[in-house]
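So the structure is just underneath, and the comments pick up after that.
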Protein chains: 2
Amino acid sequence: MAYAEQFIDKLRKSGLRPTKQRIKICEVLFDTDKTFHFTIKELVKIIENQANIKVSLATVYNTIHAFIKKGYLKEIPLNASQSYYDTNVTHHHHFFDEEENRLIDIHQDDVDEVNIKKTIPGKKIKSVEVIAKIVSDNQSQK
Amino acid sequence: MAYAEQFIDKLRKSGLRPTKQRIKICEVLFDTDKTFHFTIKELVKIIENQANIKVSLATVYNTIHAFIKKGYLKEIPLNASQSYYDTNVTHHHHFFDEEENRLIDIHQDDVDEVNIKKTIPGKKIKSVEVIAKIVSDNQSQK
DNA sequence: TAATACATTATATTTATTCTAAACTGTTGA
DNA sequence: TCAACAGTTTAGAATAAATATAATGTATTA
């Protein structure tokens, strides 16, 4: 099971012991070159479909939060009833399609550097996120 | 009660009848030149402190949603346990101070136009929001 | 002013998330 | 091998924001 080494490494670096359940979560999140967006509910569904092991909600939440703290995942700043997470932790932005409830990456190169001239004394900027909401562009619609 | 005319007008244009409770909500939200941010909980608290009338949560939620639909209020796209709303509906952006749970306006002029080169077929951009998270800038902190 | 349509309210419901406490597991050291 | 311990998992309870419900109340209209 040498391919699990990277997962075990990620877990250890996040301060977590490598357990069956956590490695399974890693397999779903990190075992591919492609990055993706997900909600906790979706993640649990994927795990249930793929695995013969059961993972509780509490374990999923705990693990996700540890990965976010470590920087292996990002939370996407979006008003929604549930939180969206991103396995793409590089600096980038998002379209949010409100009609289809779908997130689409915008590569950093596709947005000019966001240059904020205002500063707050004693504070520094930790992150800058752009969310562009998109809707259908039907001519027929008003 | 001539000063209430503007509130009655806003309510009617939002498709709502002007009732005591709704006018009270308007007084809190719109009876000042200054714009501000609020959560539902904060709004209810302000109303309770100012008014001798009782307004139920359901009425507050319904009224706020009608105003958002009409464009008299904006929801601020922020991951938080509760939603934040803004009486400033002009195009602008926000700092979010995670340590103090505080929103600060960034005037449109203080951010260069966000120019997104990527497009999605059949979709048009409805809104673009920038959220810059800020934290303390202590030298003592790592 | 009567009839109607819409509002308000308290309460129940829903749903995401967090908490809890008991049972479990893996590691360490004797 | 086993006891002890620290950390894990889990089901279910708790929490809290937001929404739905249904009975009662109020504004509007003709």
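For clarity, every value in this text was computed on a predicted model and none was experimentally measured. In the text below, chain A, chain B and the rest are named by the order of the sequence lines, each starting its count at 1.
- Residue-level contact check: B:Lys20 touches neither bases nor backbone, having no heavy atom under 4.0 Å from any strand.
- Using a 4.0 Å heavy-atom distance criterion, B:Arg12 is classed as a sugar-phosphate-only contact.
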Practice task
Applying side chain to side chain contact (heavy atoms under 4.5 Å, CB included), run through B:Lys24 and B:Gln50 and close with a yes or a no.
Solution key: CA-CA 9 Å; B:Lys24 184 71 219 171; B:Gln50 287 191 5; 3.6 Å; yes
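- Within 4.0 Å (heavy atoms only), A:Thr39 reaches no atom of the nucleic acid at all.
- Residues A:Ala58 and B:Pro18 each lie close to DNA chain D; by heavy-atom proximity, the contact nearer the 5' end of the strand is made by A:Ala58.
- Within the 3.5 Å criterion, the main-chain N or O of A:Asn79 finds no donor-acceptor partner in the side chain of B:Glu75.
- Taking every side-chain heavy atom of B:Tyr61 into account, D:dA18 is the closest of D:dA18, C:dA7, C:dT9.
- Of the candidate nucleotides C:dT17, D:dA11, D:dT19, C:dT17 has the atom nearest to the side chain of A:Ile40.
- Residues B:Ile125 and A:Ala132 share a closest heavy-atom pair of CG2-CB, 4.4 Å.
- At whole-Å resolution of the value, CD1 in B:Ile64 and P in C:dT8 are 12 Å apart.
- Of the candidates C:dA10, C:dT17, D:dT8, the closest approach to any side-chain atom of A:Arg22 belongs to D:dT8.
- Counting non-hydrogen atoms under 4.0 angstrom, B:Leu57 reaches nothing in the nucleic acid.
- Residue-level contact check: B:Thr19 touches the backbone only, with heavy atoms under 4.0 Å from sugar-phosphate atoms and none from bases.
- Closest to the side chain of A:Ser56, out of D:dA11, C:dT8, D:dA17, is D:dA11.
- Atom CG of A:Leu11 is separated from atom C1' of D:dG7 by 14 Å (rounded to the nearest Å).
- Atom pair A:Ile53:CD1 and D:dT8:P shows a separation of 16 Å (rounding to whole Å applied).
- Taking 4.5 Å as the limit, every side-chain heavy atom of B:Lys74 sits out of range of all side-chain heavy atoms of B:Asn88.
- Of all the residues in residues 67-75 of chain A, not one reaches under 4.0 Å from DNA chain C with any non-hydrogen atom.
- Residue A:Arg17 places its side chain closer to D:dA6 than to any other of D:dA11, C:dA7, D:dA6.
- Between A:Asp109 and B:Lys117 there is no salt bridge, since none of the side-chain N atoms of the basic residue sits less than 4.0 Å from a carboxylate O of the acidic one.
- Looking at heavy-atom distances under 4.0 Å, A:Ser81 makes contact with sugar-phosphate atoms alone, never a base.
- What separates CD of B:Gln82 from P of D:dT19 is a distance of 13 Å, to the nearest Å.
- Taking only side-chain nitrogens and oxygens, B:Thr59 never comes nearer than 4.0 Å to OP1 or OP2 of C:dA7.
- Ring geometry for B:Tyr61 against B:His65 counts as tilted: the plane angle lies between 30° and 60°, on a 0 to 90° scale.
- The aromatic rings of B:Phe36 and B:Phe38 are tilted relative to each other, their planes meeting at an angle between 30° and 60°.
- One can place CG of B:Leu16 at 14 Å from C1' of C:dA5, the figure rounded to the nearest angstrom.
- Here A:His65 does not reach the OP1 or OP2 of C:dT17: none of its side-chain N or O atoms lies under 4.0 Å away.
- Between the P atom of C:dT18 and the CG atom of B:Asn79 lies a distance of 11 Å, rounded to the nearest Å.
- Of the candidate nucleotides C:dA10, D:dT10, D:dT19, D:dT10 has the atom lying nearest to any side-chain atom of A:Gln21.
- Heavy-atom neighbours of B:Lys118 NZ from other residues, nucleotides or ligands within 6.0 Å: above the threshold of 12.
- Side-chain contact annotation: B:His37 with B:Asp105, donor-acceptor N/O pair under 3.5 Å present.
- Remark: P of D:dT10 and CG of A:Asn62 are 11 Å apart, rounded to the nearest angstrom.
- Considering only the side chain of A:Lys41, C:dA16 comes nearest among C:dA16, C:dT9, D:dA18.
- Distance, A:Lys24 NZ to D:dT10 P: 14 Å, rounded to whole Å.
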